[in-house]
Number of protein chains: 2
Amino acid sequence: MATELKDFSKLCVHTLTTKPWNLKQCIKNFSAAGIHGITIWRNVLEGQNLSSVREMLNDYDLEIVSVARGGFFPSVKKEKRQAAIDDNLWAIDQAFLVRAPVLVLVCGADPKQSLEKSREQIKEGILRILPQAKNAGVKLAIEPLHPMYAGDRSAINSLEQANQMAEEINSEFVGVAVDVYHLWWDNNLQREIQRCGQNGNLFAFHVCDWNVPTRDFVNDRGLMGDGCINVPQIRGWMEDAGFSGYNEVEIFSDKYWAMDQKTYLEKIKNAYLNYT
Amino acid sequence: MATELKDFSKLCVHTLTTKPWNLKQCIKNFSAAGIHGITIWRNVLEGQNLSSVREMLNDYDLEIVSVARGGFFPSVKKEKRQAAIDDNLWAIDQAFLVRAPVLVLVCGADPKQSLEKSREQIKEGILRILPQAKNAGVKLAIEPLHPMYAGDRSAINSLEQANQMAEEINSEFVGVAVDVYHLWWDNNLQREIQRCGQNGNLFAFHVCDWNVPTRDFVNDRGLMGDGCINVPQIRGWMEDAGFSGYNEVEIFSDKYWAMDQKTYLEKIKNAYLNYT
C-alpha cells in the first residue's frame with residue numbers, strides 16, 4: 001500500500017506536461033500553484049542563460065528534479081553515434097549548470113540494426129559519457145520505454161533490461177527512471193522494482209495514465225485516473241523498494257495542451273491527490 | 001538459422017490479410033496462387049454453410065490451419081463473461097465443422113479491472129470451454145498480444161505469460177500462437193520459444209513486420225521486409241524448438257487492403273521467400 005498523498009511536497013511536473021508554456025511561465029506558474037519539483041526538458045532550455053535559470057529556480061523555490069532528456073545513442077552510422085555522445089556531454093553540462101541531480105536517458109534504437117546491437121551501443125554510449133557525469137555530479141537514469149517504441153526510440157523496453165544494464169555498468173552514477181506508462185503491463189514489474197531498489201538504482205518515478213482507447217503513439221497520455229493504470233499500486237511498490245523521491249507528472253497530450261494550462265495544473269493537482 | 005524457404009508448401013495466409021475478399025474469393029485466389037494453407041477469420045464464416053465451406057476447401061486443395069478468433073473472456077460483468085463463453089463454444093463448433101485443428105484465442109482484457117483479475121478470468125474461461133474443445137478435437141492457442149493492447153485486448157502480453165498459463169492448464173489441447181508482431185521486442189523470446197516447444201505448446205506461428213514509424217494501433221502492420229523485425233531469426237528459433245507447421249501471414253493494413261489483392265498476394269509470396 002502506498003502512503004497517502006496529502007500535500008504537494010513530492011509533486012514534480014515536467015515542463016513538457018505544460019508544453020504551451022515557456023520555461024519562465026512553467027517556473028512561475030508551478031510555483032504559484034504550490035508545486036515543489038520541476039523536471040526541465042531541454043527544448044525550453046534552448047537559448048536560455050543557464051545561470052539565470054538557476055537563479056530563477058532559487059527565487060521561486062522550485063527544486064529541479066531532473067533534466068530530460070539525453071540518450072539516443074544507437075545508429076548504424078558512426079558519425080551519428082559520435083554526434084549523440086557530443087549531445088549527451090552537452091546535456092550533462094546543462095544539467096550541471098542548472099544543478100539538476102539527474103539526466104534522464106531515452107536510450108534510442110535504430111530500426112536498421114538488431115535490438116541487441118542497439119543495446120550494445122547504448123551501453124557503450126553511457127560508458128563514454130559516464131566520466132563527465134561523475135565530474136559534474138549528474139546521475140544518469142536509464143528510462144525503459146514501452147515496447148511500442150522498440151522500433152526507433154528505445155531498445156530497452158522493460159525494467160528487467162534496464163536493471164541488467166545498470167547492474168552491468170555498476171556505477172552509483174547510473175540508475176533507472178521508472179515510468180508507469182511504459183511499464184504498467186509487465187507482470188514482473190513489482191519484482192524488478194524491488195531489484196532496482198536493492199541495487200540503489202531507483203533514480204526517478206514518472207506518472208500519468210494509459211487511455212483506453214489510446215489514439216496516438218506519443219501524444220495521447222492520460223492524466224492519473226483517466227485510464228487503466230493502477231498508479232497507487234506501483235507507487236506503493238516504489239516506496240516498498242525504498243524510493244522516497246518526487247512523483248513526476250509527465251504527460252504528452254494534445255488534448256490537455258489545448259486547455260488553459262492553469263486550469264490544467266489544478267486538474268493535475270487534483271489527480272495527484274486522488275489517483276496517484 | 002532458419003531453413004531456406006524455397007516453395008509455398010508452408011505458406012498460410014489469413015483471410016483478414018486480404019480483407020476486401022469474401023471467403024470464396026480467398027479460397028479461389030489463394031489456391032490459384034499456389035498457397036497451401038488458410039486461416040479463416042470468423043467474420044467471413046458468418047452466414048456461410050460450414051459443410052459447403054469444408055467441401056470448397058477440399059475442392060481447392062487448401063489446408064485449414066486455424067480459425068481466428070475466440071477469446072475476449074474478461075469482463076467486470078458476469079453476463080458478459082458468460083456471453084464470451086457461449087461465443088467461444090460456438091467458435092469451437094465452427095472450427096470443428098470446417099475441420100480446423102486450432103482455434104486462436106485473443107484473450108481479452110477489461111480496463112475496469114486489474115490485469116491479474118483479467119488473467120484469472122481468462123484461465124477460468126479457457127477451462128470452461130476446454131471439455132468442448134477436447135470433444136471436438138480442436139486445440140486452443142493462446143496468442144500473447146503486444147503490450148500496447150494490454151488495456152482492452154489482452155492481459156497476456158508476453159510469451160512468458162502465455163507459457164505460464166498453458167503450463168498451468170496443462171492440457172494437450174491448450175498451447176500458444178507465436179506472432180512476431182506482438183513479441184519481437186522481447187529479449188527473452190528465444191528462451192520462451194524453446195520452453196514453449198519443450199512443453200509441446202507451439203501451436204502456431206504468425207508473421208508480418210513492424211513498420212517504423214507505425215501510424216495506427218491496429219491496421220498498420222507491415223509485410224515481411226517492410227519493417228524492423230528479423231523474421232528469419234525468430235522462425236529459426238521456432239524450428240529449433242521443434243515447430244514444423246505453417247508460417248501464417250497475418251497482416252492488418254489499410255495500405256495493402258487498398259491495393260489490388262491479387263497483386264498483393266504476389267507481393268506476399270515474394271516477401272515470404274525473401275524476408276521470412
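Every chain is numbered from 1, with letters handed out A, B, ... down the list of sequences. Please read all numbers here as calculations on a predicted model, not as lab measurements.
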Could you give me the CA-CA distance, side-chain angles and deciding distance for B:Val207 and B:Tyr181, then say whether side chain to side chain contact (heavy atoms under 4.5 Å, CB included) is met? CA-CA 7 Å; B:Val207 296; B:Tyr181 191 77; over 6 Å; no
Apply ring pair (Phe, Tyr, Trp, His ring centres under 6.0 Å) to B:Phe217 and A:Phe217, showing your working. CA-CA 8 Å; B:Phe217 274 87; A:Phe217 273 88; 4.0 Å; yes
Evaluation steps, ring pair (Phe, Tyr, Trp, His ring centres under 6.0 Å), between B:His146 and B:Trp184: CA-CA 9 Å; B:His146 194 284; B:Trp184 72 279; 8.0 Å; no
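Residues A:Ala141 and A:Val176 share a closest heavy-atom pair of CB-C, 4.1 Å.
In this structure, no portion of B:Gln113 lies under 4.5 Å from any heavy atom of chain A. Heavy atoms of A:Arg215 lying under 4.5 Å from chain B belong exclusively to its backbone. In this structure, the portion of B:Asp216 lying under 4.5 Å from any heavy atom of chain A is its backbone and not its side chain.
Of the residues considered (B:Pro147, B:Cys228, B:Ala150), B:Pro147 shows the highest number of contacts with chain A, using heavy-atom pairs under 4.5 Å. Your options are A:Asn230, A:Thr214, A:Asn157, A:Ile229, and the one with the most heavy-atom pairs under 4.5 Å with chain B is A:Thr214.
Between the side chains of A:Gln82 and A:Asp86, at least one donor N or O lies within less than 3.5 Å of an accepting N or O.
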